[in-house]
There are 2 protein chains.
Amino acid sequence: MATVRAALVQEASAQFTSRQPLVLVVDDDPDVRASLQDMFESVSLETAVFESTAEMLQHGIPDRPCCLVLDLRLPGTGGLEFQAQLREMNQFVPIVFITGHADVATSVRAMKAGAIDFLPKPFRQQELLDVVSHALRTEGEKHRDGGERNTVRRLGESLTPRETDVLRGVARGLLNKQIAYELGITEITVKMHRSSAGRKLKSISVADMLRKIDLLGI
Amino acid sequence: MATVRAALVQEASAQFTSRQPLVLVVDDDPDVRASLQDMFESVSLETAVFESTAEMLQHGIPDRPCCLVLDLRLPGTGGLEFQAQLREMNQFVPIVFITGHADVATSVRAMKAGAIDFLPKPFRQQELLDVVSHALRTEGEKHRDGGERNTVRRLGESLTPRETDVLRGVARGLLNKQIAYELGITEITVKMHRSSAGRKLKSISVADMLRKIDLLGI
DNA sequence: TGGCTTCCCATACCGAGGTATGGGGCGCGG
DNA sequence: CCGCGCCCCATACCTCGGTATGGGAAGCCA
């Protein structure tokens, strides 16, 4: 029963995987927050503003196309450290830095760490808007691509250990016979696992199966 | 005969595909050129220096792991424009910018355009050395990966049009029967093309063939 | 304990791919 | 002109993968 519920929740979240994009703003200056929120919402971009990185982390990173507008200098965790933290958490949200205290070394550091832009204040609002919308567009595409992978990954979870063993062999282009030998079992049993795995992954063709296998990272 | 010669030349170039790395330096200041060349050669890195981007283009981009140390401000074509030019020519040499006239906007522009670093003068020599060696290491790996692709690509050149048609179908996971229907020919003929293509690509297994097919971009 | 999953094995049959061996037609270049 | 490569077709045979239908053994949990 519990597992059924979990499955349903996953289904639901999968359905909304390509939802409306969201702009995240972290800046300690209330005026800047308000002004940016106004700007983004004036072009119908949903926006969430935060005073600090800690506050943002509390809300968690939502599962939708995001773009983070991040002040470089912040009380508590600064922009660059936060960028590093997100990276460590495997959260690859595109980041646009904004700052009143820009210098070349910092900007280069931020960009090398994967920021998509770095705007010294003052900047033209349109400039920020362009960068953010472009990022959201590409994020949207990534999200869709990721959706397919998640679907496959969910299918893959139902695979038994033995089945993944067999699939590893298949991916290497081995014959059932050879796989059987390597695993120390019969070819017939390999066939069982293989076809069972094929059913679970809903693969009609070998090509399809191979694609899904390396999508699963097996 | 001519084609045999060509084939031999290709063989030869393929053999040397993962040669020693090379540092390219473009700077209009003779002192800088000399000093950088000394530095790189002191750690046994082969180095080629140029006074202008035009001069470098004349020599062509060598087929080996490269890293370009590029002055931002140059007589003639400037650093940023040159970066754009290389991009248009599909030459993805990693670029480290060095400049005495650094500003944030320029550095960000350079990084967004794909530069791997941006060092305002004066910088510590060791810093540049670290960046360049790191770049050369990753380039070396890329080069090796590309080698395998080139090998396959060469094999792929001997494929007849019809054979690639069939392979397209195989990649889509179609049955020979279906491929035959789509091409308006018999299943038997499809088998012929398929096995012939398999021989040419030296693929023993289906998995192997599929890998090579998308390596060929079919 | 009984029921569940997982893993293992076997026989038999079918459809698909691979190969070998026949053949014919077309176009291009020595 | 003839040879060569490409494209097409056919028959026959073998192997491989997929499936169906039997079964047995071990572990886990209500």
Side-chain angles (χ1 to χ4, degrees), chain A residues 1-7 154-214 216 218, chain B residues 1-7 154-214 216 218:
Chain A
M1 186 58 177
T3 89
V4 172
R5 278 271 290 286
R154 203 156 50 252
L155 292 177
E157 278 168 17
S158 60
L159 292 175
T160 70
R162 217 46 171 167
E163 282 163 355
T164 72
D165 286 344
V166 171
L167 287 188
R168 249 188 292 276
V170 173
R172 284 164 52 207
L174 300 180
L175 299 180
N176 287 345
K177 214 180 285 189
Q178 299 174 292
I179 300 173
Y181 178 77
E182 285 198 2
L183 297 179
I185 58 178
T186 329
E187 184 187 350
I188 302 158
T189 310
V190 172
K191 285 186 182 183
M192 298 240 51
H193 290 306
R194 180 169 177 163
S195 67
S196 160
R199 245 192 320 280
K200 287 181 184 174
L201 294 181
K202 299 195 203 304
S203 347
I204 8 138
S205 66
V206 195
D208 193 28
M209 188 149 109
L210 288 172
R211 235 194 63 248
K212 283 172 179 164
I213 287 176
D214 81 31
L216 283 170
I218 289 180
Chain B
M1 186 57 175
T3 91
V4 171
R5 276 272 288 288
R154 203 157 49 254
L155 291 177
E157 277 168 18
S158 59
L159 293 174
T160 70
R162 216 45 170 166
E163 282 163 355
T164 73
D165 286 343
V166 171
L167 287 188
R168 249 188 293 276
V170 173
R172 284 164 53 206
L174 300 180
L175 301 179
N176 287 345
K177 212 180 288 189
Q178 300 174 292
I179 300 173
Y181 178 76
E182 285 198 1
L183 297 180
I185 57 178
T186 328
E187 184 187 348
I188 303 159
T189 310
V190 172
K191 285 186 182 182
M192 297 241 55
H193 290 306
R194 181 169 176 161
S195 67
S196 159
R199 243 193 321 279
K200 288 181 184 174
L201 294 181
K202 298 195 205 302
S203 353
I204 9 140
S205 65
V206 196
D208 193 29
M209 188 149 111
L210 288 172
R211 235 193 62 248
K212 282 171 180 167
I213 288 175
D214 81 32
L216 284 171
I218 291 181

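Below, each value reflects all heavy atoms present in this structure, side chains not excepted, and no hydrogens, waters or symmetry copies.
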Decide yes or no on salt bridge (charged side-chain N to carboxylate O under 4.0 Å, His left out) for A/E182 and A/R168, but give the supporting numbers first. CA-CA 11 Å; A/E182 285 198 2; A/R168 249 188 292 276; over 6 Å; no
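In this structure, the nucleotide among D/dG18, D/dC16, C/dC7 sitting nearest to the side chain of A/P161 is C/dC7. Of the candidate nucleotides D/dC16, C/dT6, D/dT19, D/dC16 has the atom lying nearest to any side-chain atom of A/L175. Closest to the A/S195 side chain, of the nucleotides C/dC9, D/dG18, D/dC7, is D/dG18. Side chain of A/H193, nearest nucleotide from C/dC7, D/dC8, C/dC9: C/dC7. Relative to the side chain of B/R162, the nucleotides C/dC7, D/dC8, D/dG18 differ in distance, and D/dC8 lies closest. Between C/dG18, D/dG18, C/dA10, one nucleotide has an atom nearer to the side chain of A/K191 than all others, and that is D/dG18.
For the pair B/T160 and D/dG5, the criterion of a side-chain N or O lying under 4.0 Å from OP1 or OP2 is not met. For D/dC9, one of the phosphate oxygens OP1 or OP2 lies less than 4.0 angstrom from a side-chain nitrogen or oxygen of B/T189. A close approach under 4.0 Å does not occur between any side-chain nitrogen or oxygen of B/N176 and OP1 or OP2 of C/dA16. Between B/T186 and D/dC9 there is a side-chain N or O to OP1 or OP2 distance below 4.0 Å.
Nucleic acid contact for B/I188: base, since at least one base atom lies under 4.0 Å from a heavy atom of the residue.
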